[in-house]
2 protein chains.
Amino acid sequence: MSQSSVSAIRWANNQLILLDQRKLPLQEAYVHCVTHVEVADAIRQMVVRGAPAIGIAAAYGVALAAAEFSSDRDRMHRALETLADSRPTAVNLFWALRRMRDLIDASSAADLFPLLVEEATRIHEEDLQANLTMGELGADLIAESGRGALLTHCNTGSLATGGYGTALGVIRSAYRRDLVTEVFADETRPWLQGARLTAWELCQDDIPVKLIADSAAAHVMKTCAVKWVIVGADRITAHGDVANKIGTYGLAVLARHHGVKFMVAAPSSTIDFELFSGADIPIEERTSDELKFVQGTPLAPEKANAFNPVFDVTPAELIDAIVTERGVVLRPNAEKMRKLQ
Amino acid sequence: MSQSSVSAIRWANNQLILLDQRKLPLQEAYVHCVTHVEVADAIRQMVVRGAPAIGIAAAYGVALAAAEFSSDRDRMHRALETLADSRPTAVNLFWALRRMRDLIDASSAADLFPLLVEEATRIHEEDLQANLTMGELGADLIAESGRGALLTHCNTGSLATGGYGTALGVIRSAYRRDLVTEVFADETRPWLQGARLTAWELCQDDIPVKLIADSAAAHVMKTCAVKWVIVGADRITAHGDVANKIGTYGLAVLARHHGVKFMVAAPSSTIDFELFSGADIPIEERTSDELKFVQGTPLAPEKANAFNPVFDVTPAELIDAIVTERGVVLRPNAEKMRKLQ
């Protein structure tokens with residue numbers, strides 16, 4: 001099974017090598033991180049993005065800190081905090097850092113570096129395996145409703161994960177099973193993950209993709225026989241509320257209005273069983289410049305204010321299926337979500 | 001009463017002078033049209049845009065044809081067709097051309113030029129007056145639901161009309177009556193009318209504006225106390241279905257879901273009493289390059305396809321009020337719409 005040729009995150013020669021996602025699709029450039037601060041900066045500046053991918057990158061960042069600080073526990077705990085401060089919404093980041101911290105705290109080894117590299121690599125590989133499993137489970141759901149068009153938002157493919165993808169993994173598996181007529185990819189303003197990354201990944205796999213303006217989704221649902229909207233997640237609460245890229249919530253409302261099914265595909269590391277309500281998920285606001293400039297070109301008057309929340313919360317009631325590597329939850333609620341714990 | 005300082009359409013020295021809206025807000029450049037073909041090209045290329053504004057520009061274009069063709073009726077009829085072919089969706093274009101044609105056909109004057117300039121000027125002035133009337137009628141509706149935030153899409157201000165604006169005129173009037181806490185302006189991809197034009201007009205009037213990504217509208221409706229979504233229209237059917245900028249239909253669905261009221265403000269020239277169903281309105285598709293490039297900068301992979309419908313249709317059931325200069329129709333249907341005929 002192809003896992004796509006893209007390697008967004010690579011560990012080699014004791015460095016973390018990240019494909020610079022700010023520059024795609026025009027340029028394939030790589031950022032080499034040799035310190036944990038460089039990794040935290042790469043996450044903050046979105047060299048690497050996508051909830052699972054930032055968890056994996058942060059895990060490698062902890063390994064780098066072990067080399068920097070000769071495994072000094074105190075300084076490594078501060079490095080964990082630095083990495084945790086990079087972005088607030090995706091819980092996979094905190095999940096991966098907790099796994100790394102638990103290993104640090106449990107180990108008496110003088111040199112933590114090899115152990116931590118091994119653990120980060122394991123997190124990376126587990127994520128890829130989880131995506132392959134989710135791909136099949138999600139495609140099974142699509143098979144039940146029959147061949148048709150799909151609509152996706154943001155980028156949830158190899159670039160956003162340890163490989164293959166969450167929502168895009170489901171789309172890849174479904175396409176391979178001849179369940180997909182075409183994929184509508186929202187361009188996903190302001191960062192244009194759909195235009196720059198999803199369209200790029202789907203073109204590489206020769207999966208028929210049509211890029212659309214985010215605001216065209218309602219018209220497309222009404223006129224283009226869309227069967228499923230499929231998205232990833234940055235954090236899922238114990239009740240099944242889902243924080244994901246800004247625009248996801250609106251798509252869920254529109255999908256319900258049009259009788260289109262709504263699927264969230266995310267590894268179980270995305271579930272935050274300590275949070276009950278989506279209203280409690282911290283929603284990152286990024287700089288207004290992301291809206292006011294595109295690739296350095298100004299779009300808006302200099303003195304105009306902009307409001308740039310980059311995630312929103314979709315309540316469980318609007319979701320038809322949450323697909324994880326541990327299984328599928330249909331029409332999620334607290335009771336059903338517990339089975340994934 | 002201020003009619004805003006912007007003069008998007010001006011007739012002077014027997015020329016039609018258009019503010020080039022493709023270059024705003026970075027540059028205030030003007031295009032001078034001396035032939036009807038130049039006017040048709042300016043409409044097609046969106047030097048001038050906005051349903052009422054293209055009607056007005058086309059009317060002046062007919063006057064230019066009279067000068068070009070020494071009022072030869074046959075050649076002028078062909079000029080009318082050329083102008084009508086410039087854009088398909090906004091009906092104000094055809095309405096204005098019909099008014100000009102009726103005058104041509106009714107007049108026996110050897111020189112039609114002064115008559116046609118006078119008629120185009122009348123269309124222009126009537127549009128401004130209609131907007132001022134709509135502003136008050138729309139603000140009355142907002143007064144009933146109380147002071148709050150408003151959300152608008154695309155640009156419907158001085159730039160899109162004969163002056164003051166349709167939806168933006170309502171917002172101006174409501175702000176003057178202290179009914180508006182803030183205005184959320186969708187950036188309106190792909191052409192960015194909200195970022196480039198609406199934010200610019202509101203900044204010029206010192207009305208507090210927050211630019212948002214189109215896909216943030218649902219999150220803003222849920223969390224920012226939006227009372228009304230207010231939009232313009234490119235064509236309204238006899239039943240009250242509304243074609244407007246892509247994204248309008250989705251906003252109407254989202255507004256209904258959130259208990260936010262939905263207002264359409266448009267002059268009566270926007271109503272096409274010959275069309276009954278919104279499904280019969282021709283929806284313009286523009287080049288995929290509008291999605292794949294911003295100001296010349298490529299955003300998407302070269303080989304990616306894009307689907308770029310630039311209007312959608314909002315069914316009457318989702319509309320709380322249609323505001324015209326002839327009066328307000330609440331919860332429109334065919335019977336109520338007839339009162340505007």
Would you compute the distance between atom [atom1] of [X] and atom [atom2] of [Y] and round it to the nearest 0.5 angstrom?
{"X": "Leu251(B)", "Y": "Leu254(A)", "atom1": "CG", "atom2": "CG", "value": "9.0 Å"}
{"X": "Lys292(A)", "Y": "Glu187(B)", "atom1": "NZ", "atom2": "CD", "value": "12.5 Å"}
{"X": "His219(A)", "Y": "Phe307(B)", "atom1": "NE2", "atom2": "CZ", "value": "4.5 Å"}
{"X": "Asp186(A)", "Y": "Ser215(B)", "atom1": "CG", "atom2": "OG", "value": "8.0 Å"}

Answer with side chain, backbone, both or neither: which region of [X] has an atom nearer than 4.5 Å to a non-hydrogen atom of chain A?
{"X": "Leu291(B)", "result": "both"}
{"X": "Pro298(B)", "result": "both"}
{"X": "His257(B)", "result": "side chain"}
{"X": "Phe311(B)", "result": "backbone"}
{"X": "Asp214(B)", "result": "side chain"}

Tell me, for [X] versus chain B, whether the close heavy atoms (under 4.5 Å) come from the side chain, the backbone, both or neither.
{"X": "Ile212(A)", "value": "both"}
{"X": "Ile246(A)", "value": "both"}
{"X": "Lys245(A)", "value": "neither"}
{"X": "Val220(A)", "value": "side chain"}

With respect to chain B, which residue among [options] yields the maximal number of heavy-atom pairs within a distance under 4.5 Å?
{"options": "Gly247(A), Pro208(A), Ala304(A)", "answer": "Gly247(A)"}
{"options": "Lys222(A), Met221(A), Arg196(A), Lys210(A)", "answer": "Lys222(A)"}
{"options": "Gln295(A), Arg189(A), Glu302(A), His258(A)", "answer": "Arg189(A)"}

With a 4.5 Å cut-off on heavy-atom pairs, point out which of Pro301(B), Ala218(B), Ala300(B) contacts chain A the most. Pro301(B)
Quick one: which of Gly250(B), Ala195(B), Ala185(B) has the most heavy-atom pairs under 4.5 Å with chain A, could you say? Ala195(B)
Might you work through the side-chain contact (heavy atoms from CB on, under 4.5 Å) test for Val294(B) and Leu299(A), ending with a clear yes or no? CA-CA 9 Å; Val294(B) 164; Leu299(A) 306 175; 3.5 Å; yes
